[in-house]
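Worksheet: one structure, shown below.
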Amino acid sequence: MFRDGALQPSSDDIAVRSPWTGETVGRVARDTAAQLDEAVRGVRAAWRPPRPDRRAAILHAAARLIRERSDALAELISRESGVCLAETRKETERAATNLVVAAGEAERLRGENIPVPGHDRLALTVFEPIGIVAAITPFNRPLNQVVVKIAPAVAAGCAVVLKPSEKTPLTALAFAEILLEAGLPPEHLVVTTGEPGVIGAAIAGHPEIDMVTFTGSASTGRAVARAAAGKKVLLELGGNDPLIVLPDADLALAMQLVGQGAFATAGQSCRGIKRVIVVGDVADELVAGVVEAARGKRAGDPLDPATDVGPLISEDAAVVVERRIAGAVAANAKLLHGGDRRGPLITPAVLDHVPADAELVVEETFGPVAPVIRVADTAEAIRVANGTRYGLQAGVVTSNVAAFTSIAEALRVGAVNLNAGPHFDSPHIPFGGVKSSGLGREGISYSIREMSTVKTVTLPYP
Ligand code: NAD
């Protein structure tokens, strides 16, 4: 456990292994619920929200330190997660940007003054930090997933108890050191590691935790929400995001979007393209271009700077993807490229004529796969897009703005992007899902509000 500004000695630990080589990258403590309880009570006793300008200074300093150490951090992320260096280098920059944006927002957080008709009084609203925020994060993008929770929490003035994924906890611990060096008061941050079923549940249900912000799978999210009953909960869960391509689309753009959105992070991204829904007879040309894009991706060693697609987080995860590809092929989909498994590696796969009810596209498939579903018209595209339990983001490629707006209105998702993929991302816009994809919104300023309470103060006026 990382608490009071340092790693505490531990008699029991867990090895963190590279998905690619199997070698031990590091070891982390197997914390107990009793240790966690003591740490959370310590935070409660010591926590005093810093002034907003101090919060901003800490966040700016942390961004600076991430940029200074980006090579070492990128390598650590690649070693423990298997995500290739070309992408983890981008992840460190994205994390630094999120910190800078949070620093700006920390000084902009302000309430309203509200006249109160019928009374000679004025009401003021004041944002106060919600208190101690528990953050539970997934294995994919192990730096940025942690930053998008801690940066707004620090900006809001909250203390944080972080439980990173047991698969990728080392980056989170490295970031904790950075925050301390950047000036975060040591008693404002605990990082706990260990068995998720033990400490995850203990955090979510702890009486001194005021809010739980969770990113991970839909099934774990439901368990966390049950354990956290009665607290403020923010859930960022799975996705099964479509890219809808209409007959008048710029096909070169659509091909490029699929090449990025389906294969980035080896397909282990909540808002990656999980389904390519193509309307009409442009499908042949689009599919040919997507196969070309897949051919251009080099799969293999994540530490080789020339690698585009690293392994999945584990061999078990790759076996699931392999099985789903085989299931789709058995249901008459055509596997046109890739899809071979070597241990935890799946080579970038393109499938055409995938039936909309194949497990590959009904469930969230966390692997480098571009499954093409052909549909007759826009109405069918909308039906297929909405036909899963998820509703995170979507992209539509068309030159017809009226067609886009009617699709945007009909899709049950958190965001729709015209001529961009579902993976379009900015720290300045809200992010989150509907249906089984989640509850609440991230995006730095939106998270800060979720992590704040509004206190109303009224006073005689004039
Ligand atoms: P996961 O649900 O297995 O684990 C997420 C976190 O929950 C981990 O820290 C894990 O240790 C913890 N956990 C496990 N059991 C727990 C329990 N009983 N109580 C409390 N915590 C528990 O998810 P994962 O495999 O690490 O990540 C992949 C999933 O995350 C995918 O479904 C992906 O779509 C989703 N995800 C969503 C977003 C988003 O913003 N919507 C972003 C990234 C990933």
Side-chain angles (χ1 to χ4, degrees), residues 14 16 19 28 30-31 33 36 80-83 91 94 98 134-149 161-169 171-172 191-206 209 212-229 231 233-241 264-274 312-314 316-317 320-321 363-367 388-393 413-415 422-423 425 427 430-443 446-447 450:
I14 305 174
V16 181
V28 292
R30 193 189 305 271
D31 295 334
L36 180 68
E80 70 169 348
S81 71
V83 175
E91 183 180 340
R94 203 168 151 199
N98 276 313
I136 303 179
T137 54
F139 72 80
N140 61 332
R141 305 211 174 97
L143 178 61
N144 200 50
Q145 294 292 355
V146 166
V147 167
V148 296
K149 301 219 178 283
V161 178
L162 168 70
K163 197 210 85 55
S165 167
E166 65 285 2
K167 295 167 192 143
T168 54
T171 309
V191 185
T192 178
T193 52
E195 302 298 338
V198 177
I199 49 167
I203 295 183
H206 197 287
I209 296 283
V212 180
T213 169
F214 172 85
T215 300
S217 61
S219 58
T220 312
R222 274 195 298 276
V224 167
R226 276 193 299 274
K231 301 182 196 305
V233 174
L234 191 146
L235 300 173
E236 293 294 350
L237 308 178
N240 195 351
D241 291 358
T265 333
Q268 304 166 109
S269 166
C270 54
R271 63 183 121 185
I273 295 175
K274 308 275 176 20
L312 301 196
I313 190 67
S314 66
D316 287 353
V320 170
V321 175
E363 294 302 330
E364 178 189 42
T365 296
F366 240 42
T388 80
R389 65 192 167 116
Y390 294 106
L392 195 53
Q393 309 218 109
V413 291
H423 48 292
D425 171 42
F431 170 65
V434 299
K435 295 161 53 183
S436 288
S437 287
L439 199 65
R441 290 291 176 269
E442 292 195 329
Y446 299 86
S447 292
E450 298 269 9

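Counting starts at 1 for both ligands and their atoms, in listed order. All values derive from a computational prediction rather than experimental measurement. FYI, the numbering just counts along the sequence from 1.
- With a 4.0 Å heavy-atom cut-off, ligand 1 is reached by no atom of Glu442.
- The atoms of ligand 1 that sit less than 4.0 Å from any heavy atom of Ile136 are 6 (C), 7 (O), 9 (O), 12 (C), 21 (N).
- At least one N/O-N/O distance between Thr137 and ligand 1 falls below 3.5 Å.
- Ligand 1 has at least one atom lying under 4.0 Å from a heavy atom of Pro164.
- Regarding atom 27 (O) of ligand 1, its nearest protein heavy-atom neighbour is Pro138 CB, 3.2 Å.
- Considering all non-hydrogen atoms of both residues, Ile203 and Ile209 come closest at O-CG1, 3.6 Å.
- The closest donor-acceptor contact from the side chain of Lys163 to the backbone of Ile199 lies at 3.5 Å or more, if one exists at all.
- Listed here is the closest heavy atom pair of Ala202 and Leu36: CB-CD2, 3.8 Å.
- In this structure, Ala172 and Leu162 approach most closely via the heavy-atom pair CB-CD2, 3.9 Å.
- Near Val224, the atoms of ligand 1 lying under 4.0 angstrom from a non-hydrogen atom of the residue are 19 (N), 20 (C), 21 (N).
- Comparing Glu363, Arg141, Glu236, Glu364 against atom 34 (O) of ligand 1, the shortest heavy-atom distance belongs to Glu364.
- Ligand 1 has an N or O atom lying under 3.5 Å from an N or O atom of Leu237, backbone or side chain.
- With a 4.0 Å cut-off on non-hydrogen atoms, Ala227 does not touch ligand 1 at all.
- Proximity of atom 1 (P) of ligand 1 to the protein is indicated by at least one non-hydrogen atom lying closer than 4.0 angstrom.
- When only non-hydrogen protein atoms are considered, atom 36 (N) of ligand 1 lies nearest to Cys270 CB, 3.6 Å.
- Backbone and side-chain nitrogen or oxygen atoms of Ser437 are examined, and none is located within less than 3.5 angstrom of a nitrogen or oxygen of ligand 1.
- Nearest non-hydrogen protein atom to atom 23 (O) of ligand 1 is Ser217 N, 3.5 Å.
- With hydrogens left out, the protein atom closest to atom 35 (C) of ligand 1 is Gly216 O, 3.2 Å, a heavy atom.
- Listed by number with element, the atoms of ligand 1 under 4.0 angstrom from any heavy atom of Glu166 are 10 (C), 11 (O).
- Closest to atom 17 (C) of ligand 1 among all protein heavy atoms lies Pro196 O, 3.8 Å.
- Residue-ligand proximity: Ser165 is placed with a non-hydrogen atom under 4.0 Å from ligand 1.
- Smallest separation of non-hydrogen atoms from Thr137 and Pro164: OG1-CA, 3.2 Å.
- Between the side chains of Thr192 and Asp31, a donor-acceptor pair is found at a separation under 3.5 Å.
- The closest protein non-hydrogen atom to atom 16 (C) of ligand 1 is Thr220 CG2, 3.4 Å.
- At under 3.5 Å, a nitrogen or oxygen of Phe139, whether backbone or side chain, sits near a nitrogen or oxygen of ligand 1.
- The closest non-hydrogen atom to atom 18 (N) of ligand 1, taken over Ser269, Gly197, Ala202, Ala317, comes from Gly197.
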* To do: Could you give me the CA-CA distance, side-chain angles and deciding distance for Val320 and Phe366, then say whether side chain to side chain contact (heavy atoms under 4.5 Å, CB included) is met?
  => CA-CA 9 Å; Val320 170; Phe366 240 42; over 6 Å; no
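- Put simply, NZ on Lys274 and OG on Ser269 are 6.0 Å apart, with the number rounded to the nearest 0.5 Å.
- Taken from OG in Ser165 to CD1 in Ile136, the straight-line distance is 11.5 Å, to the nearest 0.5 Å.
- For Cys270 against Phe431, the heavy-atom pair with the smallest separation is SG-CZ, 4.1 Å.
- Considering CD1 of Ile14 and CZ of Arg30, their distance stands at 4.5 Å, rounded to 0.5 Å.
- Taking distance alone, with nitrogen or oxygen atoms compared against 3.5 Å, Asn140 stays at or beyond that limit from ligand 1.
- Taking atom 21 (N) of ligand 1 as the reference point, the nearest protein heavy-atom neighbour is Gly200 CA, 3.7 Å.
- Close contacts between ligand 1 and Phe431 involve ligand atoms 39 (C), 40 (O) [criterion: under 4.0 Å to a heavy atom].
- Here the shortest heavy-atom pairing between Thr168 and Phe139 reads OG1-CA, 3.3 Å.
- Close approach of ligand 1 to Ala201 is summarised as follows: ligand atoms under 4.0 Å from at least one heavy atom of the residue are 19 (N), 20 (C).
- Contacts between Thr215 and ligand 1, counted as non-hydrogen atom pairs separated by less than 4.0 Å, involve both the backbone and the side chain.
- Among all non-hydrogen protein atoms, the one lying nearest atom 28 (C) of ligand 1 is Phe366 CE2, 3.8 Å.
- Interatomic distance, CG of Leu143 versus OG1 of Thr171, reported as 6.5 Å (0.5 Å rounding).
- Residue pairs meeting the salt bridge (Lys or Arg N to Asp or Glu O under 4.0 Å) criterion with at least one member in residues 138-149, sequence neighbours excluded: Lys149-Glu442.
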